Amino acid sequence: MVQNASELMLMLLADARLPTGAHTQSAGLEPALNAGMPITDVPRYIRTRLRTVARVEAGTAVVTRHLCLSAGPSGGPADLAAMLAEVQRAWAARTISPALRETAVLLGRGYLRLAGRLWPESVPVRALTDAGRGGSPCRAVVLGAVAAETGLSGAQLARLIGYDEAQTIAAAALKLAALDPVSASQWVLGVLGEVDTLVAATADLTAIDEIPATGAPLVEEWAQIHTTAAMRLFRA
Amino acid sequence: MTDPVTTPSAAPAEVPAGTRSLRLGIAGPVGTGKSSLIALICRELADELSLGVITNDIYTDEDARFLRAAGVLDPERIRAVETGACPHTAIRDDVTANLIAVEDMEADFAPVDVVLVESGGDNLTATFSPALVDAQIFVLDVAGGGDVARKGGPGIGRADLLVVNKTDLAPYVGVDVPQMIADGQAAREGRPVLGLSRLDRASIDQLTGWVRSMLAAHRAGTHTPVDPGPMAPHFHLEDGVEHAHSHAGEAGMVHEHSHAEGGHSHTHSHP
Ligand SMILES: Nc1nc2c(ncn2[C@@H]2O[C@H](COP(=O)(O)OP(=O)(O)O)[C@@H](O)[C@H]2O)c(=O)[nH]1
Ligand SMILES: [Mg+2]
């Protein structure tokens, strides 16, 4: 038995070296800069994401995790799959722009591809891989299932999503603007309190109806514009 | 999760073996003619084979647009993958985005015979992981200098085919093509080397002949995907001796690799 397994699992999942295709993502930063947002606004941009779209993601993931764990030993992958489809619908209703949804589904495929290889016997993971024929789950739903499988708490899961949001944006900024790499780390440090707030707001959610509906219209619009932009460095 | 709003494109869980294409990687330094070679293969084979192309340009859709403009393949079958300025990562350390693109191509145009994946390579060290491609071509050109083939590296040494491109330019750049090809052969322990020029019909036929035979071997199950190896230095399994090469200063790459038996561990930084 590995000591502090969930802590180590959290590190593994938060590691940029995890092969899920995350290096193709800027969490909307490239579209934002293309739309004229100054690079000095990046810290505020991260904060805004943490208060809006990331909250939808975290809530969706946490509720997914809860349902996976409370499904009990009787509920097989098929029952669970139907329940998770409900979560996905709730998430989609809160994620207005098709571009954001497509990106989240693409990322979900990346995570699910990895999870299916790492935990092929997992009921939550199989519930999603089996449903893969009809459609792919979004990243938040996949992460919720992975959290259930790997023993992450709701708080750890929400923290993972908040932290990943901040790091994705900060790391992408280094590819998009002339910056001292240390400032990227400073930005992440600077929003850790905001990550805590996100965790507090979402970690204990259990019901689908409780998933926050806090989309950000401008982020959605920029994401949409990016799908037809030329010379993209990042997918989204 | 059958809601069409939620899922714009259905994801193939696993592509059935019969519809699985030959995934062919094209690597090599910028400007050696990877996109042109892909255009050539499409022009020559699109009538007889079902083809798809995935590009990995740094500024994503340059290559895809060039290929679409070439008019040699249905534009829908040419797709660009964004690499987040990490073209090496996208074909080696984390092939997820490319694999998804390949699988979507195979699903959308089933059955696809060959999917060509162009790397956004920027130096001699990048090669494809066998997790992404079944076989790979490494492209050099005479204009890059006659001694490049001798310098070796994983792609030159161990790609399934080494192409020495633009042989028509040899007289203008003072390169001895037979010597360059001989150097390549010496670095490759018998693996094939092809001198190619889009102006040389015989060489084009050799290229398409190689693609056809690779496809036949892939279908017959007689071809085993080979990993040319990480970016270098490498551990030679053949002689059991560990070599530590230093490539610092080469195109801005810094490597520090130690390779245990069968496993690889590396730290590297790239621009
Ligand atoms: N002379 C000559 N030029 C070639 C040949 N193949 C490609 N080129 C040229 O080499 C340049 C770079 O080709 P490209 O395919 O874009 O290279 P890539 O960066 O490796 O994809 C272009 O100007 C091509 O027209 C060839 O066989 N002969
Ligand atoms: Mg090219």
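Below, chains carry the letters A, B, ... as their sequence lines are ordered, and counting in each starts from 1. Just so it is clear, the model here is predicted, and its values are computed rather than measured.
Contact tally against chain B (heavy-atom pairs below 4.5 Å) for A:Glu30, A:Gln25, A:Arg235: the top residue is A:Arg235.
Of the atoms belonging to A:Ala171, not a single heavy atom falls under 4.5 Å from chain B.
Among all heavy-atom pairs drawn from B:Thr96 and A:Arg113, the shortest one is CG2-CD, 4.2 Å. Considering all non-hydrogen atoms of both residues, A:Leu18 and B:Asp94 come closest at O-OD2, 3.7 Å. Annotation for A:Thr24 and B:Ala97: closest pair CG2-CB, 3.8 Å, computed over non-hydrogen atoms.
Here A:Lys175 contributes atom NZ and B:Thr83 contributes atom OG1; the two are 9.0 Å apart, rounded to the nearest 0.5 Å.
Counted within 6.0 Å of CD on B:Glu76, heavy atoms from surrounding residues, nucleotides or ligands total 12 or fewer; the atom is thus considered open. Enclosure of atom OH in A:Tyr45 by more than 12 non-hydrogen atoms of other residues, nucleotides or ligands within 6.0 angstrom is indicated.
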Q. Taking it one step at a time, do B:Asp104 and A:Arg109 satisfy side-chain contact (heavy atoms from CB on, under 4.5 Å)?
A. CA-CA 12 Å; B:Asp104 284 353; A:Arg109 286 173 71 183; 2.8 Å; yes
